[in-house]
Amino acid sequence: MLPLLLSMTVLFISDLHLSPTHPEITQCFLRFLKEDAPKASALYVLGDLFESWIGDDDRTPLQIEVADAFKALSDTGVPIYFIHGNRDFLVGKRFARASGMTLLPEHKVIDLFGKPTLIMHGDTLCIQDEAYQRYRKKVHNPFIQWLFFRLPLSVRRRIGEKIRAGSTKSNQEKSEDIMDVDQSEVQRVMKESGVKQLIHGHTHRPDIHDIQLDTDPAQRIVLGDWYTQGSVLVCTEEGCALQTRAF
């Protein structure tokens, strides 16, 4: 497990979906990094920081601006941890180094003020969406990724745009239940990880759920998206609270 840091506050965010078409989200995020994050002991980004990612070599102004802002925070001594989402699973070591962040595996148990806590993006919990899980398995194949990165940048951009359009159309045709987490899968991964607390994003349904693991009380915390406001989970020794930040 990652060690507990000697600070008062740990911050969690996910599902910002940063893109050039929504500068208001970017500005809210940059303000958060300058005003809130420097007071924390650690910042965890649990995926879908970007709307899309086709490779660290796609050096867009947005990518550079975000990397510089992360690096400025890291240089103050605040560690930044990143778990890939379904939109930015190709974020690599080059961007991580430029940002001063540490890449984590897709499932990670951390020590959160003495409480073992499982953190993840959350898409792996949505096992009822069988079409998405098949797609996920394919694009996470190392050989498929190796081939993709050898395509010209212009070709990768066109592929990325096509995938995003297809994903939007597909999600509009799916029921809300299919795109939500499967409760039996939640219990399975929590038991397997030996935790009573789970933090994830992906579903865009911020809430703190009190659940049961056999006879033991447990908690599942869902992070919010940043489509209409900033969404931050603030954790201290007293507990965790979902907060918003105005655009």
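Keep in mind that this is a model prediction, so the values were computed, not measured.
- Taken to the nearest 0.5 Å, the CD atom of Q219 stands 9.0 Å off from the OG1 atom of T117.
- Under the 4.5 Å side-chain heavy-atom criterion for ILVMFWY residues, no single connected hydrophobic cluster contains both I144 and F89.
- Placement of L33 and I64 in two distinct hydrophobic clusters is found when ILVMFWY residues are connected by side-chain heavy-atom separations under 4.5 Å, directly or transitively.
- Looking at heavy atoms from C-beta onward, F12 lies in side-chain contact with L223 at the 4.5 angstrom threshold.
- The aromatic rings of W146 and F143 lie parallel to each other, their planes meeting at an angle below 30°, with 60° marking the opposite boundary.
- For D58, the salt bridge (charged side-chain N to carboxylate O under 4.0 Å, His left out) test picks out R157, with sequence neighbours left out.
- Partners of S99 under the side chain to side chain contact (heavy atoms under 4.5 Å, CB included) rule, at least two apart in sequence or in another chain, are A67, F70, F95, M101.
- Within the 4.5 Å cutoff, side-chain heavy atoms of W226 are placed close to those of I13.
- No hydrogens or angles considered: nothing links the side chains of S19 and E51 as a donor-acceptor pair under 3.5 Å.
- Across I54 and F149, no two heavy atoms sit closer than the pair O-CE2, 3.7 Å.
- The shortest side-chain heavy-atom distance between I80 and T102 does not fall under the 4.5 Å cut-off.
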For this session: Give the C-alpha distance, both sets of side-chain angles, the deciding distance and a yes or no for side-chain contact (heavy atoms from CB on, under 4.5 Å) between L104 and F82.
Result: CA-CA 6 Å; L104 298 180; F82 181 88; over 6 Å; no
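- Judged by distance alone, the side chain of D182 and the main-chain N or O of S184 form a donor-acceptor pair under 3.5 Å.
- More than 12 heavy-atom neighbours from other residues, nucleotides or ligands sit within 6.0 angstrom of NZ on K191.
- The CD atom of Q63 sits 6.5 Å away from the CZ atom of F50 when rounded to the nearest 0.5 Å.
- In this structure, V10 and Y81 have side chains that are not in contact, with every pair of non-hydrogen atoms separated by 4.5 Å or more.
- Nearest heavy-atom pair across V232 and R245 is CG2-CG, 4.2 Å.
- The CD1 atom of I159 sits 12.5 Å away from atom OG of S52, with the distance rounded to the nearest 0.5 Å.
- H140 has its side chain out of reach of K137: every pair of non-hydrogen atoms, C-beta onward, lies at least 4.5 Å apart.
- Salt-bridge check for R158 with E161: failed, with every basic side-chain N at 4.0 Å or more from each acidic carboxylate O.
- Going from atom CG of L213 over to atom CZ of R188 covers 13.0 Å, rounded to the nearest 0.5 Å.
- Between the side chain of D207 and the backbone N or O of H209 there is no donor-acceptor pair closer than 3.5 Å.
- Criterion: ILVMFWY side-chain heavy atoms under 4.5 Å apart, direct or through other members. Under it, V222 and L242 are not part of a common hydrophobic cluster.
- A continuous path of Ile, Leu, Val, Met, Phe, Trp and Tyr side chains, each step under 4.5 Å between heavy atoms, connects V78 with L103, placing both in one hydrophobic cluster.
- The ring-ring contact (aromatic ring centres under 6.0 Å, His included) test applied to H200 returns no partner, not counting sequence neighbours.
- In terms of heavy atoms, Q187 sits closest to Q212 at NE2-O, 3.1 Å.
- Listed for the S193 side chain is no donor-acceptor partner under 3.5 Å among the backbone atoms of V195.
- Rounding to the nearest 0.5 angstrom, the gap separating the CD1 atom in I119 from the CD1 atom in I110 is 4.5 Å.
- Side-chain contact between L18 and I25 is present, with heavy atoms from C-beta onward closer than 4.5 Å.
- Residues L62 and L153 are members of one and the same hydrophobic cluster, defined by side-chain heavy-atom contacts under 4.5 angstrom among Ile, Leu, Val, Met, Phe, Trp and Tyr.
- With rounding to the nearest 0.5 angstrom, the CG atom of D15 is 10.0 Å from the CG atom of L49.
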For this session: Under the side-chain contact (heavy atoms from CB on, under 4.5 Å) rule, what do V189 and L118 come out as? Steps first, then yes or no, please.
Result: CA-CA 9 Å; V189 298; L118 176 62; 4.2 Å; yes
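- Taking the charged nitrogens against the carboxylate oxygens, D57 and R156 do have a contact shorter than 4.0 Å, which makes a salt bridge.
- A salt bridge links D75 with K71: at least one charged nitrogen is closer than 4.0 Å to a carboxylate oxygen.
- For the pair N141 (side chain) and K138 (backbone), a donor-acceptor distance under 3.5 Å is absent.
- In summary, the side chains of H202 and D48 do not present any donor paired with an acceptor at a separation below 3.5 Å, with no hydrogens or angles considered.
- Between H17 and H204, the angle of the ring planes goes over 60°, which puts this pair in the perpendicular group of the 30/60° scheme.
- Salt-bridge formation is detected for the pair E106/R136: a Lys NZ or Arg NE/NH1/NH2 atom is positioned less than 4.0 Å from an Asp or Glu carboxylate oxygen.
- In summary, D36 and R31 do not engage in a salt bridge, as defined by a charged side-chain N under 4.0 Å from a carboxylate O.
- Side-chain atoms of T76 come within 3.5 Å of backbone atoms of L73 as a donor-acceptor pair (strictly under, hydrogens ignored).
- Side-chain contact between V139 and F148 is absent, with no heavy-atom pair separated by less than 4.5 Å.
- Minimum heavy-atom separation, K34 to P38: O-CG, 3.3 Å.
- Annotation: side chain of K39 is not in contact with side chain of T9 (no heavy-atom distance under 4.5 Å).
- With hydrogens and angles ignored, the 3.5 Å screen pairs no side-chain donor or acceptor of D88 with any backbone N or O of W53.
- Other residues, nucleotides and ligands contribute at most 12 non-hydrogen atoms within 6.0 Å of the CD atom of E130.
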